[in-house]
Amino acid sequence: GQYVMVIHGGAGTILRSSMTPEKEKAYRTALEAALKAGYQKINAGSSSLDAVQAAITMLEDNPLFNAGKGAVFTHDGKNELDAAIMDGKSLKAGAVAGVTVIKNPIMAARAVMERSEHVMLIGKGAEQFAKECGLTIVDPKYFYTEDRWKGLQKAIEEEAEKNKRGNGYNPPGTGYPDYKFG
Amino acid sequence: TVGAVALDKDGNLAAGTSTGGMTNKKFGRVGDSPIIGAGTYANNKTAAVSGTGWGEFFIRNVVAYDLSALMEYKGLTVRDAGEQVIKKVGAMGGDGGLIALDQKGNAAMPFNTAGMYRGTITKDGTIEIYIY
């Protein structure tokens with residue numbers, strides 16, 4: 001009963017064999033920094049919303065994680081980002097989906113919650129709203145990372161392989177490769 | 001996908017999730033992260049929740065809200081509710097994990113994938129990081 005914040009950086013196939021000591025250290029350092037960013041807010045008497053936003057903004061800015069800067073690529077070679085935030089006290093909530101030029105989607109979700117009468121905005125409309133709220137708008141190239149680009153090429157090859165074997169579509173529960181977690 | 005749940009000094013909970021989605025995603029597919037009640041939910045009466053995993057199953061199971069409902073209507077602890085909702089996802093063939101925090105500062109971090117990046121910090125600033 002003593003926790004004030006919990007964070008995650010995604011779930012999926014994290015093979016110990018593919019996790020070098022340097023990589024593991026980089027993940028641990030990033031997660032610690034995000035926890036400290038949120039903790040500082042709580043300690044300063046700020047709201048849990050501010051703590052959540054501070055922690056997630058740090059993780060969005062770190063290319064190690066599939067969010068913000070480190071987002072994976074869609075089949076069309078784009079980065080489509082989603083985010084949501086919710087306040088346990090008022091049950092207010094905000095979300096954005098399918099955005100491509102908002103540097104920190106969690107900030108856009110918060111703006112939707114606090115500066116609009118909606119809960120969810122998507123695509124170009126969400127981007128227009130974020131721009132009018134003064135959030136940082138970036139060129140889509142900002143989200144390019146070599147690692148994720150290679151991940152996309154690998155996924156497309158695997159899909160072509162599967163299609164060749166005639167089972168391109170994987171019904172749920174048929175061992176769909178969880179490369180999608182990034 | 002990344003997420004955070006927090007409990008402030010006034011006893012208020014909040015949850016947030018942000019994601020780049022799915023590699024090789026097509027047709028404008030959206031997962032659970034931006035969907036309130038599926039990948040993200042917070043209620044001072046129960047818990048703050050952020051999920052990560054196979055979005056389609058988290059949406060169909062309304063995972064984040066289901067955890068809150070198990071606590072509110074069946075009186076489960078955040079840990080037991082978290083275990084149950086991840087088990088339901090697994091039973092349908094999906095996988096993933098979640099983090100949850102209740103108003104007393106109890107945490108839960110269940111998952112049924114090979115790994116999950118998780119971190120916690122306590123009132124007095126003690127940090128724990130878990131990957132597997």
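Protein chains get the first letters and strands the later ones, always in sequence-line order, with residue 1 at the start of each. Below, each value reflects all heavy atoms present in this structure, side chains not excepted, and no hydrogens, waters or symmetry copies.
- Side chains of B:L98 and A:H8 form no contact here, defined as non-hydrogen atoms less than 4.5 Å apart.
- In this structure, the side chains of B:T120 and A:L35 stay at 4.5 Å or more apart for every pair of heavy atoms.
- A:M120 and B:I35 get closest at one heavy-atom pair: CE-CG1, 4.3 Å.
- When the side chains of ILVMFWY residues are joined at heavy-atom separations under 4.5 Å, either directly or via intervening members, B:V62 and B:F57 end up in two distinct hydrophobic clusters.
- For a residue to count as touching a neighbouring chain, one of its non-hydrogen atoms must lie under 4.5 Å from one of that chain's; by this rule A:A55 touches chain B with the side chain only.
- The candidate from A:E32, A:K69, A:H75 with the greatest count of non-hydrogen atom pairs under 4.5 Å with chain B is A:H75.
- Interface residues of residues 121-132 of chain B toward chain A, defined by a heavy-atom distance below 4.5 Å and sorted by number: B:I121, B:T122, B:K123, B:D124, B:G125, B:I127, B:E128, B:I129, B:I131, B:Y132.
- Proximity to chain A among residues 103-111 of chain B is limited to B:K104, B:G105, B:N106, B:A107, B:M109, judged by heavy-atom separations below 4.5 angstrom.
- Comparing A:A84, A:A95, A:A71 by how many heavy-atom pairs each has under 4.5 Å with chain B, the most go to A:A84.
- Linking ILVMFWY side-chain heavy atoms closer than 4.5 Å, directly or via other members, places A:F143 and A:L64 in two distinct hydrophobic clusters.
- Across A:A51, A:A34, A:G38, A:S47, the residue that shares the most heavy-atom pairs under 4.5 angstrom with chain B is A:S47.
- More than 12 heavy atoms of other residues, nucleotides or ligands sit less than 6.0 Å from atom CZ of A:R28.
- The CZ atom of B:R118 sits 11.5 Å away from the CD1 atom of A:I7 when rounded to the nearest 0.5 Å.
- No path of Ile, Leu, Val, Met, Phe, Trp and Tyr side chains, each step under 4.5 Å between heavy atoms, connects A:Y142 with A:L135, placing them in separate hydrophobic clusters.
- Within 6.0 Å of NZ on B:K26 lie more than 12 heavy atoms contributed by other residues, nucleotides or ligands.
- The closest donor-acceptor contact from the side chain of A:D82 to the backbone of B:T19 lies at 3.5 Å or more, if one exists at all.
- What you find for B:I36 and A:M86 is that their closest heavy atoms are CG2-SD, 3.6 Å.
- By a heavy-atom distance cut of under 4.5 Å, B:G3, B:A4, B:V5, B:A6, B:L7, B:D8, B:K9, B:N12, B:L13, B:A14, B:A15, B:G16, B:T17, B:S18 are the residues of residues 3-18 of chain B near chain A, going up by number.
- Put simply, A:L31 and A:Y3 are part of two different groups of oily side chains (I, L, V, M, F, W, Y) that touch within less than 4.5 Å, one to the next.
- Residue contact with chain B, scored on non-hydrogen atoms closer than 4.5 Å, involves the backbone of A:F73 exclusively.
- Most heavy-atom pairs under 4.5 Å with chain A: of the set B:G97, B:A48, B:G115, this distinction falls to B:G115.
- Of the listed residues (A:I85, A:V99, A:L81), the greatest number of heavy-atom pairs within a distance under 4.5 Å of chain B belongs to A:I85.
- Taking the side chain as every heavy atom from C-beta outward, B:N24 and A:I156 approach each other to under 4.5 Å.
- Below 30°, between 30° and 60°, or above 60°: for B:Y117 and A:Y27 the angle between ring planes is below 30°, a parallel geometry.
- In the hydrophobic clustering of this structure, B:V30 does not group with A:V101; members are Ile, Leu, Val, Met, Phe, Trp, Tyr whose side-chain heavy atoms approach within less than 4.5 Å, directly or through other members.
- No part of A:N79 comes within reach of chain B, as not one of its non-hydrogen atoms sits under 4.5 angstrom from that chain.
- A:S90 does not touch chain B: none of its heavy atoms, backbone or side chain, sits under 4.5 Å away.
- When all heavy atoms of B:T113 and A:A11 are compared, the pair lying nearest together is OG1-CB, 3.5 Å.
- Ranked by heavy-atom pairs under 4.5 Å with chain A, the list B:S50, B:S68, B:G39 is led by B:S50.
- Residues forming a ring pair (Phe, Tyr, Trp, His ring centres under 6.0 Å) with B:Y65 (at least two apart in sequence, or on another chain): B:Y41.
- Proximity to chain B (any heavy atom under 4.5 Å) is restricted, for A:V96, to the backbone atoms N, CA, C and O.
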TODO: Kindly determine whether A:L91 and B:N43 satisfy side chain to side chain contact (heavy atoms under 4.5 Å, CB included), including the steps that lead there.
DONE: CA-CA 6 Å; A:L91 298 188; B:N43 185 331; 3.8 Å; yes
